[in-house]
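Worksheet: the structure to be examined is printed underneath.
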2 protein chains.
Amino acid sequence: MAGSGFNTSILFKYPHGNHVLQAGACICFIQLTFVWMFEVIFSHIQEKVQLTKEEQALIKTFFTPKKLRKKQYLLQEGDVCRYLVFVEKGLLRSYNVDEKGVEHMIHFAWEGWWMSDTYSFLSAEASAYNIDAVEDAELLMINLQGFEEMLLKVPAMERYFRILFQNNIISKERRLISSITHSAEEKYTQLAAANPQMIQRIPQNMIASYLGLTPETLSRIRKKLSAGA
Amino acid sequence: MAGSGFNTSILFKYPHGNHVLQAGACICFIQLTFVWMFEVIFSHIQEKVQLTKEEQALIKTFFTPKKLRKKQYLLQEGDVCRYLVFVEKGLLRSYNVDEKGVEHMIHFAWEGWWMSDTYSFLSAEASAYNIDAVEDAELLMINLQGFEEMLLKVPAMERYFRILFQNNIISKERRLISSITHSAEEKYTQLAAANPQMIQRIPQNMIASYLGLTPETLSRIRKKLSAGA
DNA sequence: TAAAATACTTGATACAGATCAAGTGTTTTT
DNA sequence: AAAAACACTTGATCTGTATCAAGTATTTTA
């Protein structure tokens with residue numbers, strides 16, 4: 001393929017994607033790239049709501065693509081979280097850092113997941129969190145103004161986010177109850193059972209932090225479990 | 001007043017409120033009671049979205065009023081949570097019970113708050129939670145079919161619940177981080193600072209459970225804090 | 001208003017998981 | 001390819017919170 005080895009990062013520097021759509025019949029490499037990108041997000045959205053071609057075209061105009069290299073920040077503590085992002089590829093994490101400098105993982109997001117500091121994004125207040133890339137990532141970003149406009153102009157997206165947030169509440173509640181009621185070992189085995197890909201993909205020290213454990217404790221738990229098996 | 005001392009509980013036994021509205025110009029005691037009930041819920045909804053008179057009238061038809069005496073169950077573990085409820089008056093709690101018989105508080109809801117097992121309500125699967133009244137309560141209940149129909153017929157309510165769920169995510173995330181990153185004492189002082197009414201209104205053993213502590217530990221923390229002050 | 005049940009307190013002890021420390025193994029950087 | 005940085009493991013010890021136990025205070029029930 002002619003494009004192989006080509007550094008595509010320049011393709012993601014446009015502030016908006018809409019001009020690409022205006023290219024109309026011109027099926028060039030740039031457009032193909034963009035079409036491919038939105039296929040992931042639309043397939044996820046359309047698991048929950050129906051979208052017309054017109055709505056899809058409109059939705060695209062609100063998003064900006066962005067690439068993030070491993071360890072690169074999307075958001076740093078003290079800044080306002082200006083974007084809600086959809087992960088097309090790669091892996092992001094959000095975390096906060098306590099007075100002792102210890103990181104506490106809040107979330108992970110890979111292909112098909114959204115990432116943001118919901119509070120900072122919606123309130124435009126400074127964030128207490130950091131977001132960065134655990135693996136090189138390709139993102140679709142929407143700002144608050146775009147988000148609000150999109151929800152008003154496309155009622156199906158209002159519905160989509162209501163459903164998305166509903167599911168988020170359910171999973172957060174489970175994590176919270178697990179964190180309050182279970183032992184370290186139970187928390188780990190439950191996470192491993194419910195979300196095996198997370199264990200495979202995310203470094204162990206981050207899993208430990210996500211569960212509210214020290215890396216040493218998780219290491220010992222894993223040793224004990226593998227000995228028992 | 002002629003009605004004082006009158007047991008009004010019979011007023012709440014109608015399965016739906018709509019026939020009352022159909023009474024039209026007949027301003028009777030029942031209708032006044034119902035109008036009063038919905039004032040609380042509408043004032044809360046209209047803090048977030050605008051509703052026309054017609055929309056309000058339609059919304060009312062989806063809700064059933066219900067009274068609950070202290071200690072009475074709204075939901076028991078193993079049953080499907082058939083209703084999303086709005087608390088007009090009183091105090092509800094949701095909790096689960098572990099293998100050892102220990103209760104773990106998940107939520108509290110008083111005037112102006114919603115209560116449900118979101119997962120069970122939406123999926124119609126058996127609930128792992130219990131919901132009961134900590135104080136005598138007056139509720140407005142909506143079932144899943146009504147909820148879905150209401151959101152489709154009144155887009156403002158779709159929007160309202162998206163915003164409600166958004167805020168819920170933010171507060172759950174905070175509680176989760178607090179539970180993972182802070183000591184017992186920090187958790188308590190933060191809750192007391194953020195939500196003083198909760199400390200005043202809810203029994204101490206339930207607050208302890210809500211924070212993932214034993215009643216003994218919370219008692220000792222409070223003693224220590226009052227000594228320091 | 002007495003009795004029973006429940007909520008809260010205080011003390012002694014136990015233990016899960018944290019911390020501190022020092023190692024090995026594995027990436028990343030140069 | 002060497003060096004540095006980072007991730008993981010293992011051991012020894014410490015500590016915050018749970019547990020067990022027995023009391024007092026308060027609320028509920030009869």
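Throughout, protein chains are lettered first and strands after them, A, B, ... in sequence-line order, and every chain is numbered starting at 1. Here the structure is a predicted model, which is why all the values come from computation and not from measurement.
The existence of a salt bridge linking B:Arg201 and B:Glu111 is confirmed by a sub-4.0 Å separation between a basic side-chain nitrogen and an acidic carboxylate oxygen. Ion pairing between a basic and an acidic side chain is recognised when a charged N comes within 4.0 Å of a carboxylate O; B:Glu138 and B:Lys66 show no such pairing.
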Restricting to nitrogen or oxygen on both sides, can you table the protein-nucleotides 28-30 of chain D pairs closer than 3.5 Å?
from: D:dT28; atom 1: OP1; to: B:Lys70; atom 2: NZ; distance (Å): 2.7

Pairs: protein N or O with nucleotides 15-17 of chain D N or O, under 3.5 Å:
from: D:dT17; atom 1: OP1; to: B:Ala184; atom 2: N; distance (Å): 2.9

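Counting heavy atoms from C-beta outward, B:Phe147 and B:Phe161 have side chains that approach closer than 4.5 Å. B:Ile169 places none of its side-chain heavy atoms less than 4.5 Å from the side chain of A:Tyr119. Here the side chains of B:Val85 and B:Ile142 are not in contact, with every heavy-atom distance at 4.5 Å or above.
The phosphate of D:dC8 (OP1 or OP2) has a side-chain N or O of A:Asn205 nearer than 4.0 angstrom.
Between chain B and DNA chain C, the heavy-atom contact criterion of under 4.0 Å yields a 5' to 3' nucleotide range of C:dA7 to C:dA12.
Judged as a ring pair (Phe, Tyr, Trp, His ring centres under 6.0 Å), the pairs with a partner in residues 187-210 of chain A (not counting sequence neighbours) are, in order, A:Phe108-A:Tyr210.
As rounded to whole Å, 9 Å separates atom C1' of D:dT9 from atom CD of A:Gln204.
Judged by the 6.0 Å and 45° rule, A:Arg93 forms no cation-pi pair with A:Tyr129.
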Let me check something: any side-chain donor-acceptor pairs from residues 190-200 of chain A under 3.5 Å, sequence neighbours excluded? List them with distances.
from: A:Gln190; atom 1: NE2; to: A:His182; atom 2: NE2; distance (Å): 3.4

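In this structure, A:Trp114 has its ring center at least 6.0 angstrom away from the ring center of A:Phe165.
Counting only N and O atoms by type, the side chains of B:Asp98 and A:Thr181 include no donor and acceptor under 3.5 Å apart. Checking B:Tyr73 against B:Asp79 by side-chain atom types alone, no donor-acceptor pair falls below 3.5 Å.
Defining each end axis of the helix from C:dT1-D:dA30 to C:dT30-D:dA1 as the rotation carrying four pairs' C1' atoms onto the next four, with five pairs an end, the two axes are found to diverge by 60° to 10 degrees.
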What verdict does the side chain to side chain contact (heavy atoms under 4.5 Å, CB included) test give for B:Ser219 and B:Gln204, after you've listed the backbone C-alpha separation in whole Å, the side-chain angles of each residue and the deciding distance to 0.1 Å? CA-CA 8 Å; B:Ser219 176; B:Gln204 203 173 302; 4.1 Å; yes
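Crowding of B:Gln145 atom CD: a count of heavy atoms from other residues, nucleotides or ligands under 6.0 Å not exceeding 12.
Between B:Lys100 and A:Met206, it is A:Met206 whose nearest contact on DNA chain D lies nearer the 5' terminus.
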